[in-house]
Amino acid sequence: MTFDVLYFAWLRERIGEPSERIESSARTVGQLVAELAAKDDWHAAAFADMSAVRCAVDQELADMDTSIEGAREIAFFPPMTGG
Amino acid sequence: MTFDVLYFAWLRERIGEPSERIESSARTVGQLVAELAAKDDWHAAAFADMSAVRCAVDQELADMDTSIEGAREIAFFPPMTGG
Amino acid sequence: MSALVQPGPFQPEQVLRDFGVGAGAIVTFTGVVRDDGGNLAALEIEHYPAMTQSSLTAYGHEAAKRFQLSDWRIVHRHGRLEVGEQIMMVATAARHRHAAFQAADYLMDWLKSRAPFWKREISRDGSTRWVDARDSDEHALSRW
Amino acid sequence: MSALVQPGPFQPEQVLRDFGVGAGAIVTFTGVVRDDGGNLAALEIEHYPAMTQSSLTAYGHEAAKRFQLSDWRIVHRHGRLEVGEQIMMVATAARHRHAAFQAADYLMDWLKSRAPFWKREISRDGSTRWVDARDSDEHALSRW
């Protein structure tokens, strides 16, 4: 399947791009993260500390076990600091 | 001693005046209340239920035991309902 | 850091002019004349002029000390207020949001039960009724 | 009942126009860029456009249901904000004050930790630093 993968804040900076299209057979967020982290050093650095990474699947907050089957947009970002 | 005694809200209405000058030898709020309540039916009605009467001595919240020696202004009123 | 007691209406943007400069968190509370049953025409608020200002100022300073406010303001009206009119407003400013929230909440509990104001409801048919103090307001004070 | 996400400044009196008609209690929270150490020039706020509006709206509706609000509004800015500028504002309207206070407090806890905004500090010397999420913000959420 093809996903739009989005990055925000320092994840975006480490990866060097705000988004990328990914062809993957991953079925959960966690499986996708494992694939992405194996791509290159930049991705590895972005996903080095998963305790500092949050995720949304199609704009809904998700966790590593969340299914991405049928999803279009997976976003990764640090803990939010709004307000 | 001479005191200015002030009434607010329904205490003012029951007594029929917003204030009066009282010559009294009372030394506490409670003693003054006993004197006032004995004056006439209107005063008796105002002080009939002391659980619904609050008091300030010289603009400071007080209770029945508070001394009024040297005080100038004693105010009686129902529980406050501001805000 | 000021308390204002006045009969006329107030503009919140005026009350908040130059308020809380340097603070990170500003909380306001505004009380409005509410008609629950469809019969209320207005409120008449009586107060104790010689005591009102000083008691509001004292509660403001107490809140500032307790919650380390950098600024606070209180405005409270008296006299006749129509349904929908603003009765009063409290504003608190602090570095962080929890202090600002708590201080405004604290101030409201004190104002409701310890500031010398008394409300009378004026119905559309002209009849009047003094508003009873609520046990829940007295109880709220015991939280602090 | 509306959430607004915008880069430009907002006027509180505009945000509160026609707000909470019929309510007895209105609470607002305003967050302001605060310079604690004397070195901050501005904040840069990044957000996730496709998600921001919908998540603010969802938290607003959740607060309305939970605290029986008659009205609520949220405005949150993004982009570069100088020291002293307003970052965001929440307003809640209810019959009684405790519901309005609690709902605003609740909404702020959710916005701080669950709305897709990320703050970066820009120092006067031009260096930048992403603001870390605070444990106390995460902890605050567990109150509800």
Side-chain angles (χ1 to χ4, degrees), chain C residues 11-38 40 43 70-71 81 83-109 111-112 119 131 134 136-137 139-140 143, chain D residues 11-38 40 43 70-71 81 83-109 111-113 119 134 136-137 139-140 143:
Chain C
Q11 296 297 328
E13 61 265 33
Q14 291 293 330
V15 176
L16 295 176
R17 177 160 294 186
D18 300 322
F19 179 71
V21 175
I26 292 172
V27 168
T28 71
F29 175 89
T30 309
V32 180
V33 182
R34 188 187 73 237
D35 176 18
D36 271 348
L40 189 71
L43 284 183
S70 64
D71 208 352
L81 310 184
V83 168
E85 282 196 77
Q86 294 171 336
I87 304 168
M88 51 77 62
M89 181 172 169
V90 156
T92 57
R95 288 181 65 213
H96 297 296
R97 72 187 187 282
H98 289 302
F101 270 123
Q102 285 206 289
D105 201 3
Y106 169 94
L107 268 174
M108 285 309 304
D109 283 349
L111 295 191
K112 282 269 173 189
K119 285 181 185 146
V131 173
R134 299 193 308 170
S136 61
D137 284 332
H139 179 72
R143 295 185 295 154
Chain D
Q11 297 296 328
E13 60 264 34
Q14 291 293 330
V15 177
L16 296 176
R17 177 161 293 183
D18 300 324
F19 180 72
V21 175
I26 291 173
V27 169
T28 72
F29 176 89
T30 308
V32 181
V33 182
R34 188 188 74 237
D35 177 17
D36 271 347
L40 190 72
L43 284 183
S70 64
D71 206 352
L81 310 184
V83 168
E85 282 195 77
Q86 294 171 337
I87 304 168
M88 51 78 61
M89 182 172 168
V90 156
T92 57
R95 288 180 64 215
H96 297 296
R97 72 188 187 282
H98 289 302
F101 270 123
Q102 286 206 288
D105 201 2
Y106 169 93
L107 268 175
M108 284 311 302
D109 283 350
L111 295 191
K112 283 270 173 188
S113 299
K119 284 180 185 148
R134 298 193 309 172
S136 61
D137 285 334
H139 179 72
R143 295 186 294 156

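The chains referred to below are lettered A, B, ... by the order of the sequence lines, with proteins before strands, and numbering in each begins at 1. In this text, all values refer to a predicted model and were calculated from it rather than measured experimentally.
Within the 4.5 angstrom heavy-atom criterion, no atom of C:Asp35 approaches chain D. For C:Ala104, the parts lying under 4.5 angstrom from a heavy atom of chain D are both the backbone and the side chain. Only the backbone of C:Ala23 comes within contact range of chain D, with at least one heavy atom under 4.5 Å from a heavy atom of that chain.
Of all non-hydrogen atoms in D:Phe29 and C:Val27, the two that sit nearest each other are CD1-CG2, 3.6 Å. Residues C:Arg34 and D:Gly24 share a closest heavy-atom pair of CD-N, 3.7 Å.
Separation of atoms CZ (C:Arg134) and NE2 (D:His96) is listed at 5.0 Å; rounding is to 0.5 Å. Rounding to the nearest 0.5 Å gives a distance of 7.5 Å between CG of C:Asp105 and CZ of D:Arg97.
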Please test C:Met89 against D:Ile26 for side chain to side chain contact (heavy atoms under 4.5 Å, CB included), starting from the C-alpha separation and ending with a verdict. CA-CA 9 Å; C:Met89 181 172 169; D:Ile26 291 173; over 6 Å; no
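With chain C as partner, the option from D:Glu13, D:Gln11, D:Arg95 having the largest number of non-hydrogen pairs under 4.5 angstrom is D:Arg95. For the set D:Ile87, D:Val83, D:Asp36, the count of heavy-atom pairs under 4.5 angstrom toward chain C peaks at D:Asp36.
Environment of CZ in D:Arg143: crowded, with over 12 heavy atoms of neighbouring residues, nucleotides or ligands closer than 6.0 Å.
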